[in-house]
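So the structure is just underneath, and the comments pick up after that.
Basis for what follows: all heavy atoms, side chains included, without hydrogens, waters or symmetry-related copies.
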Amino acid sequence: MKYSIDIKSVMIGLFIATVLFGAFSFKQEGSEPVGRYQTSVGEKGVVILDTKTGAYITNPYVTNNGWSKGNFSHTSEIVKDTKDKNL
């Protein structure tokens with residue numbers, strides 16, 4: 001039995017395989033990473049932190065209407081100003 005390979009068919013097959021491999025290997029850019037939000041519960045309440053943006057919400061009273069928003073960059077500026085005034 002004699003087998004023959006057509007070069008044109010091989011090239012088309014390799015091209016289709018490359019396109020399929022490339023199409024399935026891309027990640028979706030809008031997907032959020034696992035573990036983006038972290039929660040901490042302690043004696044002084046609850047803190048939920050967004051590790052991507054630095055935004056957080058706190059609830060010192062552990063009630064439904066006691067939540068307040070914050071941002072680490074804003075909070076660090078306030079702490080620096082307060083520290084400079086107290087020195």
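The distance from the CD1 atom of Ile57 to the OH atom of Tyr37 is 10.0 Å, given to the nearest 0.5 Å. Atom CG of Leu49 is separated from atom OG1 of Thr58 by 11.5 Å, given to the nearest 0.5 angstrom.
In this view, Thr18 satisfies the side chain to side chain donor-acceptor pair (under 3.5 Å) rule with no residue, not counting sequence neighbours.
Pairing each heavy atom of Arg36 with each of Thr51, the nearest pair is O-OG1, 2.6 Å.
A heavy-atom distance below 4.5 Å is not found between the side chains of Thr39 and Val47.
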Worked check of side chain to side chain contact (heavy atoms under 4.5 Å, CB included) between Ile16 and Ile12: CA-CA 6 Å; Ile16 290 173; Ile12 290 172; 3.9 Å; yes
